[in-house]
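First, the structure itself, so that you have it in front of you.
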Amino acid sequence: MYDVGHFINGKEVDGRSNRFGEVFQPSTGQQVGRVSLASDSEVDSAVEVAKAAANRWRDASLSARVAVMERFRELLEKGADELAEIISRENGKLFLDAKGEVLRGMESVEFACGAPVHLQGAFSELIGSDIDAYSLRQSVGVVAAITPANFPAMVPLWMIPNALVCGNAVIFKPSEKDPSAGMWLANRFTDAGLPDGVLNVVNGDSEAVKALLAHPGVDAVSFVGSTPVARAIYEMASIGGKRVQALGGAKNHLMVLPDADLSLAADAAISAGYGAAGQRCMAISVVLPVGGVANELVQEIELRAKKVVVGDSMDPSAQLGPLITKQHRDRVAGYVAAAESTGAEVVVDGSDQMNRSGFFLGPCLVDKVSSGMATYRDEIFGPVLSVVRSKDYSEAIDLVNANPFGNGAALFTSSGKAARAFQRDARIGMLGINVPVPVPPAHFSFGGWKGSLFGDLHMYGPDGIKFFSRGKTVMTRW
Ligand code: NAD
């Protein structure tokens with residue numbers, strides 16, 4: 001059993017609240033550690049440290065900030081396997097998925113290394129007699145980065161590198177379910193030469209989050225998590241006058257037109273639906289066969305789902321690992337059981353995997369789901385694919401657009417005309433055409449529409465730079 005405390009002013013410190021969260025190894029179901037849950041006064045002192053550091057760091061030269069980021073990137077590359085193992089053990093995702101997460105996070109670090117270009121302003125000579133005008137981008141101050149359990153390294157890396165190169169100090173609040181990856185990242189930033197106090201980790205639960213939102217010393221809040229929490233955070237932070245971006249949950253559809261390559265579409269449904277045990281905000285959770293393809297497509301997915309190998313997250317032969325907690329696994333399994341009782345057809349039932357130790361659930365495929373069922377309405381966040389059959393494209397796109405989430409969606413087709421219509425019609429932030437998980441690269445930005453994002457600016461990339469910096473214009477007459 002290990003203890004995870006906080007990371008304040010460049011070093012790990014013990015928690016003082018005497019409140020702890022349990023940390024599990026999902027593959028075994030055993031508790032492996034405890035994490036300190038910060039109190040208001042611990043949040044308070046972390047904010048004071050960050051405020052003092054922000055005042056110094058904002059004046060560090062761009063090349064000094066980028067030099068830290070370049071060294072951090074090297075350390076991340078060197079330690080990628082070690083970090084992936086930490087993620088895999090505490091989160092339960094397969095080692096290869098965890099490694100992929102680290103590599104995607106590294107792309108955001110590389111983007112941040114381009115800060116001198118990203119922060120460049122504009123200059124207009126002679127906008128009046130002897131008058132010039134130019135624009136600058138400057139730091140925001142102290143920013144809170146509050147992250148979810150499902151990507152304990154990648155999502156923090158969506159936020160922290162851009163926040164730091166823009167000259168801010170950061171208070172990072174990782175998920176209490178898998179806090180060790182966050183501590184690893186903070187230690188490597190210090191090793192890379194980041195001055196003490198510029199990045200602090202406050203571990204905790206909703207109490208720490210509420211203290212950060214209420215604190216007048218926090219200037220901006222970048223949040224990723226479930227929709228109800230994202231909405232509440234957006235409301236609380238904006239009432240307090242803070243800049244806020246809050247990314248929420250998802251219900252991503254994979255629409256399959258009659259002219260699609262069904263084998264490709266079935267492969268995509270398997271990897272996008274069951275990858276990371278369905279615990280990805282870009283996971284496909286609804287398969288939407290259009291017209292006459294439904295029976296054949298469901299058969300193809302069924303064949304593949306039955307062959308998925310379930311196992312320990314560190315076992316290289318496993319294709320599907322456990323879910324993050326027992327409580328979450330039971331909730332997911334509950335949706336599958338309820339679907340049957342409301343008239344859907346469970347074609348593949350993964351509940352036999354619940355007999356093993358660890359928080360396992362095998363792949364589940366539920367056919368003949370309708371839009372009124374909870375299986376369709378709610379974000380389940382597990383290895384469950386729901387099939388909703390549509391008679392034509394118009395019925396299918398109406399369903400996608402009526403859904404309260406708008407993170408990602410994919411279309412499988414061989415028609416360019418249909419693809420173009422989908423791209424135009426879908427009220428969704430990230431689309432894939434014959435690509436099931438369309439996560440944009442680091443030089444684009446990431447974000448959904450509707451209930452999947454509260455705020456204006458998307459995460460990482462150019463929007464991330466805008467979020468973590470403030471614009472200023474200057475007019476001069478000499
Ligand atoms: P969560 O909402 O339970 O927790 C996210 C963060 O909020 C954690 O740090 C947690 O400690 C904190 N938190 C939880 N309840 C809170 C409360 N009542 N008040 C204040 N803070 C609270 O989410 P999770 O289970 O850790 O992560 C999975 C969710 O995140 C899914 O809904 C998933 O779709 C979403 N997600 C979205 C994206 C995206 O980019 N849109 C990316 C990854 C995950």
Side-chain angles (χ1 to χ4, degrees), residues 19 21 23 26 35-38 40 43 90-93 97 101 104-105 108 144-159 171-179 181-182 201-214 221-237 244-252 276-285 323-325 327-329 331-332 378-382 404-408 428-430 437-440 444-455 457-461 463-464:
R19 287 198 314 124
V23 180
V35 58
S36 293
L37 304 177
D40 284 13
V43 169
E90 271 187 11
N91 170 281
K93 70 175 67 173
D97 276 341
E101 149 164 19
R104 287 311 293 259
S108 293
I146 303 165
T147 58
N150 64 327
F151 284 106
M154 184 185 77
V155 171
L157 291 174
W158 285 357
M159 304 169 178
I171 303 206
F172 165 30
K173 209 298 285 169
S175 167
E176 63 275 39
K177 292 177 192 138
D178 45 11
V201 182
V202 169
N203 278 304
D205 55 5
S206 59
E207 195 172 314
V209 174
K210 283 174 188 147
L212 283 167
L213 296 178
V221 179
S222 183
F223 173 87
V224 175
S226 58
T227 288
V229 182
R231 183 183 280 116
I233 287 201
Y234 182 73
E235 287 171 1
M236 275 189 272
V244 52
Q245 57 176 179
L247 275 64
K251 195 81 188 176
N252 305 318
Q279 296 174 117
R280 294 194 286 213
C281 66
M282 289 295 278
I284 291 297
S285 52
L323 284 93
I324 188 149
T325 61
Q327 187 193 29
H328 180 58
R329 190 275 312 271
R331 178 180 166 276
V332 173
D378 298 350
E379 180 185 39
I380 298 179
F381 217 56
F405 298 102
N407 220 34
I428 301 289
M430 293 169 282
V437 184
V439 175
F444 285 77
S445 294
F446 179 109
W449 289 13
K450 300 184 271 179
S452 296
L453 184 142
F454 301 89
L457 290 169
H458 289 196
M459 189 70 55
Y460 70 72
D463 272 18

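All values reported here derive from a predicted model rather than from experimental measurement. Remember, it's 1-based here, ligands and their atoms both numbered in the order they're listed.
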- Message: Is it the case that the side chain of Lys93 and the backbone of Phe151 share a donor-acceptor pair, with hydrogens and angles ignored and the cut-off at 3.5 Å?
- Response: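 Not at all, since once roles are kept as given, no pair shorter than 3.5 Å links the two residues.
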- Item | Separation of His458 NE2 from Leu247 CG (nearest 0.5 Å) |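 If I round to the nearest 0.5 Å, the distance is 7.5 Å.
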- Got the closest protein heavy atom to atom 39 (C) of ligand 1, with its distance?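 For this ligand atom, the closest protein heavy atom is Cys281 SG, 3.3 Å.
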- Report yes or no: does a heavy atom of Gly248 sit under 4.0 Å from some atom of ligand 1?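 Yes, that is the case, since the closest heavy atom of the residue is under 4.0 Å from the ligand.
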- Task: Would you check if the side chain of Glu176 reaches a backbone N or O of Asp205 as a donor-acceptor pair within less than 3.5 Å?
- Result: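 Such a contact is absent between Glu176 side chain and Asp205 backbone.
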- Task: Measure the distance from atom 12 (C) of ligand 1 to every protein heavy atom, then report the residue, atom name and distance (to 0.1 Å) of the closest one.
- Result: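 Going by distance alone, atom 12 (C) of ligand 1 is nearest to Val209 CG2, 4.2 Å.
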- Message: Any nitrogen or oxygen of Trp158 lying under 3.5 Å from a nitrogen or oxygen in ligand 1? Just yes or no.
- Response: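 Min N/O separation from ligand 1 is not below 3.5 Å for Trp158.
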- Query: With no hydrogens and no angle check, is any side-chain donor or acceptor of Glu379 less than 3.5 Å from a backbone partner on Ser226?
  - Reply: no
- Message: Nearest non-hydrogen contact with atom 15 (N) of ligand 1 belongs to which option: Val229, Thr147, Leu247?
- Response: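 Heavy atom nearest to atom 15 (N) of ligand 1 belongs to Val229.
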- Ligand-residue contact atoms, ligand 1 with Glu176, heavy atoms, under 4.0 Å: 10 (C), 11 (O)
- Task: Please could you name the atoms of ligand 1 that Val224 approaches to less than 4.0 Å, counting only its heavy atoms?
- Result: 5 (C), 36 (N), 37 (C), 38 (C), 39 (C), 40 (O), 42 (C), 43 (C), 44 (C)
- Message: Please report whether atom 23 (O) of ligand 1 has a protein non-hydrogen atom at a separation of less than 4.0 Å.
- Response: yes
- Item | Side chain Thr147, main chain Val155, donor-acceptor under 3.5 Å |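 Side chain of Thr147 to backbone of Val155: no pair is present.
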- Could you check if a side-chain atom of Phe381 sits within less than 4.5 angstrom of a side-chain atom of Leu323, using non-hydrogen atoms only? no
- Note on the structure: Note: ligand 1 atoms sitting under 4.0 Å from heavy atoms of Ile146 are 9 (O)
- Message: For atom 28 (C) of ligand 1, what's the nearest protein heavy-atom neighbour? Residue, atom name and distance, please.
- Response: Phe381 CE2, 3.5 Å
- Message: Considering Lys177, Arg280, Met236 one by one, which has a heavy atom nearer to atom 25 (O) of ligand 1 than any of the others?
- Response: Lys177
- Task: Do me a favour and list the nearest non-hydrogen protein atom to atom 32 (O) of ligand 1 with residue, atom name and distance?
- Result: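 For atom 32 (O) of ligand 1, the nearest protein heavy atom is Glu379 OE1, 2.6 Å.
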- Task: Run down the list Gly225, Ser285, Ala149, Gly447 and name the one with the heavy atom closest to atom 35 (C) of ligand 1.
- Result: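 Selected option, by shortest heavy-atom distance: Gly225.
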- Item | Nearest-neighbour protein heavy atom for atom 27 (O) of ligand 1, which is reported as residue plus atom name and distance | Pro148 CB, 3.3 Å
- Message: Starting from atom 44 (C) of ligand 1, what is the nearest protein heavy atom, named by residue and atom, and what distance separates them?
- Response: Asn150 OD1, 3.2 Å
- Message: Main chain of Asp378, side chain of Lys251: is a donor-acceptor contact present, judged purely on distance under 3.5 Å?
- Response: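 Here the side-chain-to-backbone pair exists.
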- Item | For atom 3 (O) of ligand 1, closest protein heavy-atom neighbour | Ser226 OG, 4.1 Å
- Query: When you measure from the side chain of Ser445 to the backbone N and O of Asp463, does any donor-acceptor pair fall under 3.5 Å?
  - Reply: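 Between the backbone of Asp463 and the side chain of Ser445 there is a qualifying donor-acceptor contact (under 3.5 Å).
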- Task: Only heavy atoms count here, so choose which of Phe172, Phe223, Phe446 is nearest to atom 40 (O) of ligand 1.
- Result: Phe446
- Side chain of Ser452, backbone of Ala250: donor and acceptor closer than 3.5 Å? no
- Note on the structure: For atom 19 (N) of ligand 1, the closest protein heavy atom turns out to be Ser206 CB, 3.4 Å
- Query: Quick one: CG on Leu212 to NZ on Lys173, what's the gap to the nearest 0.5 Å?
  - Reply: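 The NZ atom of Lys173 is 9.0 Å from CG of Leu212, to the nearest 0.5 Å.
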- For Asn252 and Ser285, indicate whether the former's side chain and the latter's backbone hold a donor-acceptor pair under 3.5 Å.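 No; zero donor-acceptor contacts below 3.5 Å.
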